[in-house]
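One structure is given below, encoded as structure tokens.
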Amino acid sequence: TQGNAWAAICALGALATGRCVGLQLDRDIDMESTGKRHPFLAKYKVGYHPDGRLHAADVQLYSDGGWSLDLSLPVNDRALFHLDNCYYIPHVRFRGQVAKTHVTSHTAFRGFGGPQGMLVIEEIIARIAIKLTLPPEDVRQLNFYHGSGETNTTHYGEEIEGNRIARIWGELLASSEFKIRRAAVDRWNAEQPNTKRGLAITPVKFGISFTLKHYNQAGALVLLYADGSAQVNHGGTEMGQGLHTKILGVAMRELGLPADRIRLMNTRTDKVPNTSATAASSGSDLNGMAVADACRQLRDRLVPLAAEILNCAETDVRFEDGQVHGSMGISIPFETLTNLAYTRRLQLSAAGFYATPDLEWDWAVGKGKPFHYYAFGAAVSEVEIDGFTGMHHVRRVDILHDVGDSLNPAIDRGQIEGGFVQGMGWLTSEELKWDSTGKLLTHSASTYAIPAFSDCPPDFRVALLAEATQPNTIHGSKAVGEPPLMLAISVREAIRDALAAFGGNPDFLLPSPCTAEAVKSVTG
């Protein structure tokens, strides 16, 4: 949304001069003037049982919206939706408020409030574990949503269908050798006075859908040509995340064509109008279903003709490997069928459409089903802290993430790795500093420290959950854009674990981000 003001300036210049106008911001100006992820302040009271089970939580969230509202209200809403993360809390009162301040107008960023909400409940769980002197991983597991009915229903009334967090948790604890490494970390800390290591595991449950219901729709236009080639148009924006590649795979599977027979077009609203934003991790979900709908319409038109040519029942017709197959091993090239369809005057184009079903939300009572499904995951992180400098490095990360039946495992793995490292930067190094007038001081690469390639964990193990078909989604897949970012909360909790090993009061306030300066403020 924040590109609109600059676009208006360009449009005004073009109108005044009658010429094309482009504008490229200097990086410092860009960082000073555009919005960031919303800073949050959380105030909470929680009640819990002696074994660590949560009983009640009263949480008030305040988000810094900056000088204008922008998308601050829905960001705050998603934080409230995700204050539970993976945990069942029998009694809650969750409230959110946007604060108007004198800094730049904050806006949407990967996770859209979900990371801030999850961070609050993970802070709560960690401090409960500290007060009860219990392992935090045990307290987390004890509080998971599980079973069915009330203990598997969120605070906003949505039943968690296909809850996979307990399975992920158990498999990751085993594959990461968590217990063995816990003992090794404890031995290291007992022998090393000036450096300490920490180990932590944290879960993720992230709701997939726009919380504004009418955004959950998509269109597509698929064209077949007499030569057997196809052109695919959809409403999603390719921004380097691999959406076109995933949509290409959808069309290949639906039409039975190889990649070189399908052309993915750049997104244009004269081909597919009224597009929703490529956001909320829903680009593949929505547009993939719309493309599949168009492809299936075309297949349905072609099947009777194919059955006629192949002298078989319509139910025997299959589209695979650029061929149209019938019974008795008889097949014809796809282009033979499309060429004949053209001569028979069959329509060889189709407009596809998809609207996410069964979404309901009532703001008056705060109940409903705002999400089509949930993406789950968990991460184990191990860190080492230098007590003299406060500097830390992440030694190893193990991730098990639920992407359903992946549309493209290489793309999904890249999204998980990139999202994790981006979340790690948010929680450890990317500190925003403002002066008293609201001017951003950390507005360059020299003062605002994003993770570098060298900050990636040297031992980085990412696995996709097996046998995880998701019903009622495109080819059984799940969204993967935003959920992995929250896996990086495990790094923050590992830092907490390492800091506690230095001694002193273990129930300290852990700053976010956990910069070296913040770590030194805890260790002294």
Side-chain angles (χ1 to χ4, degrees), residues 217-238 242-275 283-355 405-408 411 472-477:
Q217 60 176 304
L221 177 64
V222 176
L223 314 175
L224 293 180
Y225 293 90
D227 67 355
S229 63
Q231 183 193 105
V232 176
N233 304 269
H234 64 90
T237 300
E238 173 60 62
L243 177 60
H244 278 356
T245 304
K246 283 192 169 184
I247 297 297
L248 176 62
V250 169
M252 290 168 62
R253 286 186 285 272
E254 292 291 336
L255 296 174
L257 291 177
D260 61 6
R261 303 305 302 277
I262 300 173
R263 184 180 181 188
L264 259 292
M265 306 300 289
N266 289 327
T267 305
R268 294 171 56 107
T269 52
D270 61 354
K271 294 285 189 66
V272 180
N274 307 313
T275 58
S284 298
D285 283 14
L286 296 177
N287 296 286
M289 289 291 267
V291 167
D293 177 51
C295 292
R296 290 164 189 171
Q297 291 180 49
L298 292 167
R299 283 206 332 256
D300 289 345
R301 288 182 207 154
L302 293 171
V303 162
L305 180 59
E308 175 189 330
I309 299 170
L310 296 166
N311 193 27
C312 67
E314 292 183 8
T315 53
D316 291 333
V317 175
R318 293 175 292 109
F319 296 79
E320 294 176 0
D321 304 320
Q323 301 284 314
V324 184
H325 301 270
S327 59
M328 308 294 291
I330 301 173
S331 64
I332 58 173
F334 186 78
E335 58 266 30
T336 299
L337 180 61
T338 53
N339 186 64
L340 183 58
Y342 169 70
T343 65
R344 294 281 188 94
R345 297 186 297 177
L346 289 181
Q347 184 183 2
L348 292 177
S349 66
F353 182 75
Y354 175 72
D405 288 342
S406 175
L407 291 177
N408 188 303
I411 287 176
N472 303 316
T473 62
I474 182 63
H475 296 171
S477 66

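If you read the sequence from its start, that first residue is 1, and numbering goes on from there. Only this structure's heavy atoms are used, side chains among them; waters, hydrogens and symmetry mates stay out. Keep in mind it's a predicted model, so treat the numbers as computed, not measured.
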- Message: Tell me whether R253 at atom CZ has more than 12 heavy atoms from other residues, nucleotides or ligands lying less than 6.0 Å away.
- Response: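 Yes, the 6.0 Å shell around CZ holds more than 12 heavy atoms from other groups.
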- Query: Does a sphere of radius 6.0 Å around CG in D260 hold more than 12 heavy atoms from other residues, nucleotides or ligands, not counting ones at 6.0 Å or beyond?
  - Reply: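 For D260, atom CG is crowded (more than 12 foreign heavy atoms under 6.0 Å).
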- Item | Working for side-chain contact (heavy atoms from CB on, under 4.5 Å), residues Y354 and L286 | CA-CA 7 Å; Y354 175 72; L286 296 177; 3.9 Å; yes
Mind checking whether [X] and [Y] have side chains closer than 4.5 Å, heavy atoms only?
X: D293; Y: M289; answer: no
X: R268; Y: N233; answer: no
X: H244; Y: V232; answer: no
X: V324; Y: V317; answer: yes
X: Q323; Y: P333; answer: yes
X: V291; Y: E254; answer: no

Would you give the length of the straight line joining atom [atom1] of [X] to atom [atom2] of [Y], rounded to the nearest 0.5 angstrom?
X: L337; Y: I332; atom1: CG; atom2: CD1; value: 5.0 Å
X: L257; Y: C295; atom1: CG; atom2: SG; value: 8.5 Å
X: L223; Y: I262; atom1: CG; atom2: CD1; value: 12.5 Å
X: H234; Y: K271; atom1: NE2; atom2: NZ; value: 12.0 Å
X: M265; Y: Q231; atom1: CE; atom2: CD; value: 4.5 Å
X: L224; Y: L298; atom1: CG; atom2: CG; value: 4.5 Å

Nearest heavy-atom pair of [X] and [Y]: which atoms, and what distance?
X: S331; Y: H325; value: CB-ND1, 3.5 Å
X: F334; Y: G228; value: CD2-O, 3.5 Å
X: D316; Y: S327; value: OD2-CB, 3.9 Å
X: N408; Y: T245; value: ND2-CG2, 3.6 Å
X: G236; Y: N287; value: N-OD1, 3.2 Å
X: A226; Y: T338; value: O-OG1, 3.1 Å

Sub-3.5 Å donor-acceptor pair from the side chain of [X] to the main-chain atoms of [Y], do we have one?
X: N339; Y: E335; value: no
X: T473; Y: S477; value: yes
X: E238; Y: L243; value: yes

When the side chains of residues 301-313 are checked against the rest of the protein, which donor-acceptor pairs come out under 3.5 Å, sequence neighbours left out?
{"unit_1": "R301", "atom_1": "NH1", "unit_2": "Q347", "atom_2": "O", "d": "3.1"}
{"unit_1": "R301", "atom_1": "NH1", "unit_2": "S349", "atom_2": "O", "d": "2.7"}
{"unit_1": "E308", "atom_1": "OE1", "unit_2": "R344", "atom_2": "NH1", "d": "3.4"}
{"unit_1": "E308", "atom_1": "OE2", "unit_2": "R344", "atom_2": "NH2", "d": "2.9"}

